[in-house]
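Order of the sequence lines sets the chain letters (A, B, ...), proteins ahead of strands, with each chain counted from 1.
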Amino acid sequence: MSEKNRIGVFLCHCGGNISDNVDLDYIEERLSENDEICSIKHHENLCSLEGRNIIKDQILRQDLDRVVISACSKITHGATFQKYIKPLNPYLFEMPNVREQCSWVTENKQESTDKALSLINSAVESVKYNEPLKKIPTSVKNSVLVIGAGISGITTANSLAKQGMEVTLIEKRPAVGGAMVQVGKVFTPDKMSEDCAACLLNPVIDEMVHNDNITLLTNTVLEKSTRNSGNFDVILRKKPDYVNPDKCTSCGKCTESCPTFAPDEWNEGLNDRKAIYKPFPQAVPSTYTLDDESCVKCGACLNVCPTNAINLDAIDEIISLTVGSVVIASGHQRFDTSKRPEYGHPFYEDVLSQMQLARLMGVNGPTHGHLQVPSTGKVPRRVVMIQCVGSRDQMPEGHKYCSKVCCMVALKNANLIHSHYPDTEVIICYTDIRTLGVYEKYYKYVQNNGIKFVRGRPGEIAREDDHMVVRVEDTLNRDKIEIPTDLVVLSAALESSEGTIEAAKTLGVPLTEDKFVKEKHPKMQPVSTDIEGIFVCGTAQGPKDITDSIIQANTAATKISELVNGGLEVEPFIATINVKKCILCGNCIENCRYQALTMYHNSIRVGPIACTGCGDCIVTCPEEAISIQGQSDEKLRASIAGLLKDKKEDEQVIIAFLDDIGNVSANNMGINRVDCPSSIRIINVPFINRVKYSHIKYALTHGADGVFLGEYPDTPKHNEIRENVNIMKKHLEEDGINPERLLIHSVFIPYFRGLANQFKEFDEELQILSK
Amino acid sequence: MTKLNRREMGNSSEEDLAHRVLKDIKAPSDLGLLRCVQCGLCTSMCPASRHSEYDAREIIKRVLDNDESIIDDEIIWNCFYCYTCHSVCPVGNSVCEVNQILREMAIQKDVGKKQIESFMSFADSYLAEGLGIIPEEYHGQLKIDYGKHWENLQEQLQDIREDLGLESMYLLPEAKESVDKTLEAIGFKKRVQEIKDVRNRK
C-alpha cells in the first residue's frame with residue numbers, strides 16, 4: 001500500500017445503544033490523528049435516509065475511496081450500508097460491530113470505549129485491502145423437482161408450471177393428495193361448517209394432471225442428489241410398474257382374484273385391503289397398484305386381467321434428471337400413539353386417533369361413513385377426545401412444540417359427530433384451546449352446539465366392563481373424575497415424516513431440533529433453506545394447516561421464479577484458482593465439502609453458487625494456487641494489526657477468530673446483554689481453517705495476550721481442525737511462545753452464555769499467565 | 001362473599017417461594033416448576049390424590065402463587081414418593097421433588113419436625129449400629145402386615161445367616177467408629193437431637 005487512502009469513518013449512535021456506553025467524541029479525537037482518515041461523522045441513526053445522505057455527501061465532497069461504518073452487525077445491516085456507499089463499489093467498506101460485540105456486552109464505559117476504538121482501528125486497517133468486486137451473476141435452470149404430492153407439493157407444482165417451468169413431481173405413495181385427501185372434511189376459516197376435502201382438492205389435482213409442464217411420478221423417491229454448479233443432478237427411483245398404466249382399465253378384476261390381505265393404509269389400518277389394489281376409488285393416478293411386500297406372486301391376477309396389464313417381473317426404474325431447484329414438500333406423519341401406552345393404543349380396540357375417526361366418518365371409509373364403536377359395531381353413547389398426545393410434551397419421544405391444528409381437528413370432528421349423531425355426547429379434554437384468529441368463532445359455534453369441555457390432561461385410560469374410563473382432573477374445580485366412555489379419540493401430534501427426514505439427508509439440508517426442515521431464517525426466510533436453490537413448504541417445515549401450507553407452497557414457487565427469471569447474484573467471496581500455478585492434482589476437489597469444485601476440460605472450475613468462500617481449500621493446495629477473492633491473507637493480518645494498534649500498557653487483548661456460527665453466537669451475547677470481558681476482540685472468519693499459523697504467530701508477537709478460536713464443531717472437518725490446532729501449538733512452543741495462549745473451543749448459536757463463560761475463563765487464565 | 005385478593009404491583013421478586021424451591025440444593029437444574037400450565041396430568045395419575053384430599057397440581061399452584069401457608073399445611077405429607085407425577089409431567093416438573101423441598105422447609109420450622117419426630121427411632125438404630133435397621137417399635141405392625149413368616153425369619157435370622165455361611169451383619173468396631181465420626185461431622189446427630197427436642201417443646 002504505497003499510495004495513501006482516503007478513508008471516511010462514520011460513527012452511529014444507534015439512538016443511544018452505542019453512544020450511551022462508548023465515548024464517541026474521544027474516539028473521534030483519536031481517529032483524527034490518522035492521516036488516512038479524511039472524514040469522521042456522527043449520526044443518531046446512520047441507517048436512516050438522513051444517514052445515507054451524510055455518507056453519500058462525504059464520499060463525494062471528500063473524495064473518499066474507502067468507508068468504515070462503526071455501527072451494528074453486518075449480518076443485519078450490511079446490505080443496507082452496501083447500498084448507502086454508492087457511488088463507491090459496494091465492497092469497499094467495513095462494519096466494526098460496536099453494538100452487539102462492544103457497547104452491549106461491556107459494562108465499564110472506559111473499557112467499552114477502548115475496545116470500540118480498537119475494533120474501528122481494525123476495520124480501518126483491513127478496509128485498505130478491500131478490492132472493488134462485483135456480485136457474480138449466475139443462471140438457474142428452468143426445471144424444478146418437487147418432492148411430495150400432497151396439497152403443498154401439488155400447489156407449488158401448479159404455480160411453477162403456470163409460470164412456464166418444467167416440473168417433476170414425485171410421490172412416494174401410489175396416489176397423490178397426501179393427508180388432505182384422507183381427512184374427509186376440512187374446516188374453513190370464517191365459515192361455520194365443515195367442507196368436503198376431496199371437493200376442494202380435486203380441481204387442484206386436475207389442474208396438475210392436465211398441465212403439460214408437470215411430470216407426475218408416483219411410487220418414486222429421491223435417491224441421490226449432487227450439486228453441479230447452480231444445478232442439481234438428481235437420481236430418482238421408481239418402484240416397478242407391475243400394472244402397466246397404459247393398459248389398465250381399472251376394472252378391478254385383479255383385486256377380486258387376489259387372495260392376499262394387508263392393512264389398508266388409506267383407512268389407517270381400520271380394515272384390510274388386497275395386495276393388488278386401488279388405494280381409494282378416486283385415487284390419482286387411477287391405475288391399480290401392487291404392494292410387493294405383501295404380494296406372494298401367486299399369479300391369480302394375471303389370469304383374470306383382460307388387458308394383460310400385469311407383469312409380476314417388472315423391475316424398478318432409475319431416473320436421472322438435472323434440475324435448477326428443488327422443493328421439499330414431503331409433509332408430516334402422525335405421532336405413533338402406541339408410544340403413550342397409558343392411553344391404551346393399541347391394546348384397546350376402541351381407542352382411535354383423530355385420523356382413524358376421520359376415516360370412520362368418511363363416506364368412502366371402511367364403514368361408509370357410519371360411526372361405530374369398533375368392538376361392538378354400535379353408535380357410541382359418548383366419545384372422549386384427548387388433546388396434546390405427543391405434542392407439548394417434553395417426555396422422551398414426545399414433541400415440545402404445539403402441533404397447531406389439533407384443536408381445530410378435534411372441534412371439527414366433535415361437531416361432525418354431534419350433527420350426525422345428536423344423541424352421542426362428545427367431551428374434549430384439553431389443556432388450552434388454541435383457535436387463533438377467525439377460528440375462535442368456530443370454537444364458539446361448536447360450544448354452542450353442546451360439545452363439552454373438560455380442562456385437564458388425562459393420565460390414563462382403563463377398561464371397565466363394556467366400556468372405558470378416562471381418568472382426568474377437572475382442574476377448574478379440582479374434581480378428580482373418571483369419565484366412562486365408549487370411544488376415546490387421541491389428537492396425535494404432527495411430526496416430521498420419514499420421507500421428509502430422508503429427503504433432507506439426501507439433499508444435505510439441515511433439520512431443526514424437532515426434525516423438520518430448517519429454514520434459512522425461521523422468521524424472515526420461511527421457505528428458503530441453507531442451500532441456495534432448495535426450498536421447503538407445507539408440513540415438512542413444521543406443523544400447519546392446509547391454508548398455511550398453500551400460502552407457503554405459493555411462496556416457494558415465487559422464490560424459485562425469482563431465481564429463474566431474475567437470475568441469481570452470489571457474493572463474490574469465492575475461491576479463485578491461479579491457472580498458472582495449478583497442477584490439477586485434485587486435492588481441493590476431494591477436500592471440498594460443498595462439492596463446489598469440479599474438474600472441467602483440464603482446469604478446475606469453481607461453482608459460484610455452491611462455494612461458500614470458507615477457504616478450506618487454500619491449505620490443501622500444494623502450489624498455493626488458491627485464494628479467496630476479497631479475503632486475502634494480508635487483509636486478515638491488517639485486521640489483527642489494527643486491533644492491536646492503540647493497545648494500552650495495562651490492557652489485556654484476546655483476539656477471537658470466530659466462524660460464522662460463533663459470530664452469530666457472539667451477537668446473541670450482545671442481544672441478550674450478557675457480559676463479555678472487554679479484552680475480547682472478535683474477527684469473523686468464514687471458516688476456522690482460514691486462520692493460518694502465520695496469523696496467530698503475528699498476533700501473539702505483536703501485542704495480543706491470547707488467541708481464541710471459536711469453531712462450530714458439527715462439520716466433517718472438525719477432527720482435522722483440532723489436529724491442526726495441536727500442530728500449531730507445537731509450532732508455538734518451538735517458536736518460544738507459550739502454547740497456552742492459543743485456545744480452541746466449540747461454538748453454537750444458542751449457547752452464547754457458554755461462549756461468554758469461555759471468554760471469561762480464558763481472560764482470567766491469561767491474567768494469571770502474564771503474572 | 002369471599003374477600004377480593006388485591007395483588008399490589010412491584011412485588012415480584014426472586015425471593016418468592018417458587019424461586020426458593022428452584023434454588024434449593026435438592027432441585028434438579030432443569031426442574032420445570034415455572035413451566036407448569038396446571039394441566040392436571042399429575043393429579044390424574046397420583047395415588048395420593050386419588051385416595052386423599054391431596055392434589056398434586058394444587059401443590060404446584062400454591063407454590064407458584066407464593067402461598068407460604070403450604071409449608072405448614074399437613075397435606076404435603078400425604079405424598080409418598082412413588083414418582084409417578086415426576087415420570088409423566090409433560091413439562092419436566094416434579095411434584096414429589098417439590099414436596100421434598102417443601103418438607104425440608106417445614107422441618108426447618110417446628111411444624112415439620114413434629115411430622116418426622118416419630119421416625120427418630122430409625123435414626124437411633126442407625127446411630128447405635130451404623131446400620132439401617134427397622135426399630136423394635138415397628139415390629140408389632142410388621143408382624144400383622146407380613147404374618148408369621150416374617151416373625152420366624154426375625155427370630156431365626158442369626159441361624160439362617162450362619163447356615164448360609166454369611167458373616168455377622170454388624171459393622172466391625174473400627175467401621176462403626178468411622179460411621180459415628182462421619183455422622184457427627186455432617187451434623188446428623190445434631191439434627192436428630194433438634195428434631196427430638198421438639199417433643200419437649202410441645
Side-chain angles (χ1 to χ4, degrees), chain A residues 335 339-344 384 386-403 406-407 427-434 453-462 468-483 485 488 490-493 753-754, chain B residues 2 14 22 27-65 67 69-70 73-76 78-80 82-99:
Chain A
F335 176 74
K339 288 175 183 165
R340 291 285 173 274
E342 57 272 28
Y343 288 157
V384 175
I386 299 179
Q387 297 303 98
C388 304
V389 180
S391 306
R392 305 180 72 192
D393 182 359
Q394 71 171 58
M395 297 298 295
E397 316 229 45
H399 301 295
K400 285 185 196 161
Y401 54 80
C402 163
S403 290
C406 328
C407 284
I427 301 174
I428 300 177
C429 296
Y430 71 98
T431 306
D432 297 291
I433 292 285
R434 293 177 171 174
F453 294 83
V454 171
R455 204 273 173 193
R457 194 161 174 162
E460 61 185 337
I461 293 166
M468 292 171 292
V469 291
V470 176
R471 297 206 173 108
V472 60
E473 183 195 15
D474 184 339
T475 59
L476 296 181
N477 60 13
R478 197 181 182 275
D479 250 4
K480 298 146 197 171
I481 52 177
E482 285 190 340
I483 314 172
T485 184
V488 172
L490 307 178
S491 292
R753 277 176 224 280
Chain B
T2 42
E14 296 281 293
L22 284 171
S29 61
D30 55 349
L31 186 69
L33 176 60
L34 300 178
R35 295 195 294 271
C36 174
V37 290
Q38 295 282 301
C39 72
L41 181 60
C42 48
T43 302
S44 76
M45 297 285 272
C46 167
S49 299
R50 197 171 157 86
H51 297 288
S52 80
E53 268 303 293
Y54 175 82
D55 185 319
R57 175 191 56 79
E58 199 180 41
I59 299 288
I60 301 302
K61 171 87 175 123
R62 288 175 66 183
V63 170
L64 293 172
D65 286 349
D67 176 0
S69 74
I70 192 159
D73 197 327
E74 291 203 347
I75 203 78
I76 60 172
N78 281 25
C79 165
F80 49 89
C82 71
Y83 272 74
T84 304
C85 56
H86 177 102
S87 62
V88 300
C89 178
V91 298
N93 193 15
S94 172
V95 189
C96 58
E97 288 184 346
V98 170
N99 262 320

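When heavy atoms are compared at a cutoff of 4.5 Å, B/Cys89 approaches chain A solely by way of its backbone atoms N, CA, C and O. For a residue to count as touching a neighbouring chain, one of its non-hydrogen atoms must lie under 4.5 Å from one of that chain's; by this rule B/Thr84 does not touch chain A.
Side chains of B/Met45 and A/Arg471 form no contact here, defined as non-hydrogen atoms less than 4.5 Å apart. Side-chain atoms of A/Arg457 and B/Val37, non-hydrogen and from C-beta on, never get closer than 4.5 Å to each other. Within the 4.5 Å cutoff, the side chain of B/Arg50 has heavy atoms near those of the A/Glu482 side chain.
Summarising the geometry, atom SG belonging to B/Cys46 is positioned 7.5 Å from atom NZ belonging to A/Lys480; distances are rounded to the nearest 0.5 Å. A/Asp479 contributes atom CG, which lies 10.0 Å from atom CG of B/Asp55 (distance to the nearest 0.5 angstrom). Interatomic distance, B/Asp30 CG to A/Gln394 CD, rounded to the nearest 0.5 Å: 7.5 Å. To the nearest 0.5 Å, atoms CZ (A/Arg392) and SG (B/Cys39) are separated by 8.5 Å.
Counting heavy-atom pairs closer than 4.5 Å to chain B, the top-ranked of the candidates A/Glu460, A/Arg478, A/Lys400 is A/Arg478. Counting heavy-atom pairs under 4.5 Å between each of A/Val470, A/Asp393, A/Asp474, A/Thr431 and chain B puts A/Asp393 at the top. Ranking B/Gln38, B/Lys61, B/Arg35 against chain A, the residue ahead of the rest is B/Gln38, based on heavy-atom pairs under 4.5 Å.
Contact record, A/Gly459 with B/Ser44: N-OG, 2.8 Å, taken as the closest heavy-atom pair.
In terms of the salt bridge (Lys or Arg N to Asp or Glu O under 4.0 Å) criterion, A/Glu342 has no residue partners (sequence neighbours excluded).
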